[in-house]
Amino acid sequence: MTGWPSANGPTREGTTPAGTGAPADTDTPVEATRAVTHRRTIRIVNPLGLHFRIADRFARAAKQFACVVTVFNGPTRADGKNLMDLIMLVAMPGAEVVLEVDGPDAPDAVEPLTEILASPGGENYAI
Amino acid sequence: MRMCNFIAREAIVPALSVTAPPDRTAAGVLAVKEAVIREMVGALHTAGHLQAADTDGVVQAVLRREAVGTTGIGRHIAIPHSRHAAVHNLIGALGIAPAGLPFDSLDGLDVHVFVLLVSPQDRPGDHLRALEAVVRAMRNDEFVAKLRACPTADRIWELLDSVGPGW
């Protein structure tokens, strides 16, 4: 994967067969066994932004999968399995981040990881 | 944002007084956490950034936050933190534990560098930027080695002041 992935238009989701190098722009179904890149644009609605605890939760969840997990905030790129990387995204409330998962189990990873990034907050803790 | 923008110079503790417990039980680690947090919050109070009446509340808030997930991020670094109504601007303390202390870190290593942050309730952006500044600096092994070798608060401050925002 190279460069900054563009948002995928109104669908906000896409898949790219591995090795094509083409930006995703469709919801093209792929066979489960093929390595594909799934990409989603997600708005951070948590009023505290992508804070430490969410980042920690995300990194722990991402580590459960073999696929490569990357999160982009504008030009800043983070290894989704690395808490420090995720903190360095500085994703503010309202920011749109791009989640990219690439590998054989990407289809299983994309939904739970999206859910964490899109969580609305309201948790009973202090960042 | 740079660390010297929010670390209070007078709240730098070059050698925390807390010592490692003889055992590494959960209770022992919790006791270390409370002692470290209390000493650093005390440093913020001594530095004039917290009222005496607020210190215990801030300690409890940081401990509650710690209870839901460790802030020992690995590489010998911990960033205990909380929001609290007692502060109107983000403020931080920095403490060094020369011998290292158990802190339930993600990588299991003892912590040598603590950065405690207390944020206002309504400034999540400042908090995120401060976290980023700490992490960016602490990922630099050379910087951390220099930090741990600083013998005085003044030397630590000079080091923090020498770090540009791009680190």
Side-chain angles (χ1 to χ4, degrees), chain A residues 42-65 69-99 112-113 115-127, chain B residues 1 37 57-87 90 104-107 113 115-141 144 165-167:
Chain A
I42 302 157
R43 183 180 295 278
I44 303 294
V45 295
N46 189 310
L48 302 177
L50 180 55
H51 58 79
F52 192 114
R53 272 252 301 153
I54 296 292
D56 186 23
R57 189 175 151 211
F58 183 92
R60 288 172 190 266
K63 287 175 186 170
Q64 303 303 309
F65 299 96
V69 179
T70 311
V71 183
F72 296 85
N73 182 21
T76 308
R77 169 185 179 160
D79 172 356
K81 299 182 182 183
N82 185 309
L83 171 60
M84 290 192 187
D85 260 25
L86 291 166
I87 288 172
M88 291 180 67
L89 286 176
V90 194
M92 300 288 184
E96 284 200 335
V97 300
V98 175
L99 167 66
L113 295 179
E115 193 176 308
I116 294 170
L117 289 178
S119 63
E123 307 91 337
N124 184 26
Y125 54 78
I127 33 188
Chain B
M1 187 180 281
I37 290 165
V58 172
V59 168
Q60 295 309 320
V62 177
L63 281 170
R64 279 197 301 274
R65 165 61 188 85
E66 202 65 37
V68 297
T70 184
T71 59
I73 57 174
R75 300 167 66 99
H76 306 293
I77 312 297
I79 317 174
H81 59 266
S82 182
R83 292 185 294 155
H84 200 280
V87 298
L90 173 74
D104 251 349
S105 289
L106 295 175
D107 60 6
V113 180
V115 179
L116 181 136
L117 302 175
V118 186
S119 307
Q121 301 281 10
D122 57 351
R123 305 258 192 94
D126 286 354
H127 179 78
L128 294 178
R129 281 187 283 268
L131 279 176
E132 189 269 350
V134 175
V135 168
R136 181 177 295 279
M138 298 301 172
R139 289 179 79 153
N140 184 317
D141 290 336
V144 174
W167 266 46

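Chain identifiers are assigned alphabetically (A, B, ...) following the order of the sequence lines, protein sequences preceding nucleic acid strands; residue numbering begins at 1 within each chain.
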Chain B contact via L50(A) - side chain, backbone, both or neither, heavy atoms under 4.5 Å: backbone
I87(A) versus chain B, the contacting section by heavy-atom distance below 4.5 Å: both
Using 0.5 Å steps for rounding, measure from the CZ atom of R139(B) to the CE atom of M84(A). 7.0 Å
Please name the pair of heavy atoms, one in [X] and one in [Y], separated by the smallest distance, quoted to 0.1 Å.
X: E132(B); Y: M88(A); answer: CG-CA, 3.6 Å
X: P47(A); Y: P124(B); answer: O-CG, 3.5 Å
X: M92(A); Y: L128(B); answer: SD-CD1, 3.9 Å
X: F52(A); Y: T71(B); answer: CZ-CA, 3.7 Å

Measure the shortest side-chain to side-chain distance between R83(B) and L48(A) over non-hydrogen atoms and say whether it is less than 4.5 angstrom. yes
Do I73(B) and D56(A) make a side-chain contact, defined as non-hydrogen atoms from C-beta onward lying under 4.5 Å apart? no
In terms of heavy-atom contacts, does CD of Q121(B) have more than 12 from other residues, nucleotides or ligands at under 6.0 Å? yes
Test your reading of the model: is there a side-chain donor-acceptor pair from R53(A) to the backbone of R65(B), 3.5 Å cut-off? no
Under 4.5 Å from any heavy atom of chain A - which part of L117(B): neither
